[in-house]
Undergrad: 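This is the structure I want to talk about, given as structure tokens.
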Amino acid sequence: MSVQITPLPAPAAPAGQSMFKSWKFWSVMAVLAGLVALFSYGFTKDPKLVPSPLVGLAAPPFSVDQINGTGHADLASLKGTPFILNFWASWCMACQDEAAILEAAHRQYELNGHQIRVIGVAIQDTPDKALGFAKHFGKTYFLGLDDAQGDISLSYGLYGVPETFFVDGNGRIAFKQIGPVTKDVIDEQVAKLTATTKAGS
Amino acid sequence: MSVSLGAVGRRCAHRSPALVAAIATLVLFYTSLPVLALSPEAVEQRVQTITDALRCPTCQAISVKDSEAGFSVEIRDKVKRMVEEGQTDDQIKSYFVSRYGEWILRYPSPKGVGLIVWVLPIAALVGAGAAIGWMIVRRGKKAHSGSDRTSAVQPLTPEQRERVTAALKTYEEED
């Protein structure tokens with residue numbers, strides 16, 4: 001039993017290499033490459049490090065009493081003196097790391113050098129706990145406490161502690177450190193602050 | 001209220017009706033201000049709406065409204081005070097943008113880079129729709145002209161039909 005079946009001409013199948021000539025293939029590849037580039041850029045950035053819009057602008061006004069009741073600090077009276085404004089809390093682990101560094105900066109640049117002021121503001125804290133922390137970690141510089149509404153914290157756009165603002169003699173925020181400060185950061189920023197203050201005066 | 005309004009009205013009535021109307025409007029406006037002031041429920045409603053649009057600074061992934069983090073509680077209180085002071089939603093939001101940057105907004109404003117997230121989905125939808133439409137039109141045309149061999153529905157030529165019938169007949173005989 002044999003029936004002659006002539007095969008129909010096969011539909012023109014795409015040749016093996018033509019995939020690399022197809023504009024569809026390359027446009028899909030281009031989109032994929034774009035996504036990979038976008039993600040690989042995104043993963044290099046720490047989402048916690050959000051640049052503050054306040055850097056370069058005038059420091060928001062604040063007024064704070066020393067927790068131990070021996071002094072007062074506010075933006076207006078600091079005019080002409082660069083200062084380090086460090087936000088911290090007794091419940092903050094990273095603040096323990098930088099306590100000694102800030103204290104050293106206070107001794108070197110404030111007590112001896114008279115170049116800058118160091119001001120610590122405890123946030124979401126109680127006077128007792130803040131003072132206990134200060135005693136335990138040997139902080140002797142000016143330590144204030146933000147009010148219960150967190151007015152200073154919010155006006156400085158804080159989203160965690162520690163955060164440290166370096167304010168020049170003209171009351172302008174020159175730099176913001178997110179997370180604990182290091183001696184290198186302080187040395188570099190204080191040199192810049194004293195230079196701009198001299199140039200400005 | 002009605003007593004003072006009446007007194008003003010009587011005193012001024014013989015002078016100028018327009019003046020009376022103006023003073024009455026002013027008095028009504030100012031006396032009605034406390035009525036216009038927001039009720040606690042209305043304040044709460046606005047605080048909810050605004051804080052839903054703000055990102056929790058600590059937790060980052062959720063809104064200030066849904067967060068119990070210290071900063072979120074403080075921001076909610078601050079927003080409430082600002083609402084009670086009579087600030088508009090935009091004023092309140094721009095205060096927080098000035099402190100935290102555009103980052104604080106859960107729905108970026110359609111400006112600059114933020115424009116991308118608003119335009120891209122719409123552009124993608126329109127583009128995909130256009131592409132699908134184009135493909136349908138093209139496929140319809142090809143099927144109609146019969147030039148597309150890969151098209152599913154193609155009438156057989158009489159010659160092809162004959163061969164298929166012959167082949168089928170062969171298999172039936174084999175069974």
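Throughout, protein chains are lettered first and strands after them, A, B, ... in sequence-line order, and every chain is numbered starting at 1.
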Undergrad: Counting only heavy atoms closer than 4.5 Å, note whether Ser155(A) contacts chain B via side chain, backbone, both or neither.
TA: both
Undergrad: Taking the side chain as every heavy atom from C-beta outward, state whether Asp151(A) and Arg81(B) have any pair of such atoms under 4.5 Å apart.
TA: yes
Undergrad: If I compare all heavy atoms of Lys78(B) with all of Leu154(A), which pair ends up nearest, and what's the gap?
TA: CB-CD1, 3.7 Å
Undergrad: Could you check whether atom NE2 of His72(A) has more than 12 heavy atoms from other residues, nucleotides or ligands sitting under 6.0 Å from it?
TA: yes
Undergrad: Which atoms form the tightest heavy-atom contact between Ser52(A) and Arg99(B), and what is the distance?
TA: OG-O, 4.3 Å
Undergrad: Treating Tyr100(B) as the side-chain partner and Leu158(A) as the backbone partner, does any N or O pair qualify as donor plus acceptor under 3.5 Å?
TA: yes
Undergrad: Take a 6.0 Å sphere around CD of Glu102(B) and say whether it holds more than 12 heavy atoms from other residues, nucleotides or ligands.
TA: yes
Undergrad: Please indicate whether Lys176(A) has more than 12 foreign heavy atoms, meaning atoms of other residues, nucleotides or ligands, lying under 6.0 Å from its NZ.
TA: yes
Undergrad: Could you tell me if the side chain of Phe71(B) sits less than 4.5 Å from the side chain of Ile123(A), heavy atoms only?
TA: yes
Undergrad: Using non-hydrogen atoms only, which part of Val73(B) is less than 4.5 Å away from chain A: side chain, backbone, both, or neither?
TA: neither
Undergrad: Please report the shortest heavy-atom distance between Pro53(A) and Val97(B), naming the atom on each side.
TA: CG-O, 3.8 Å
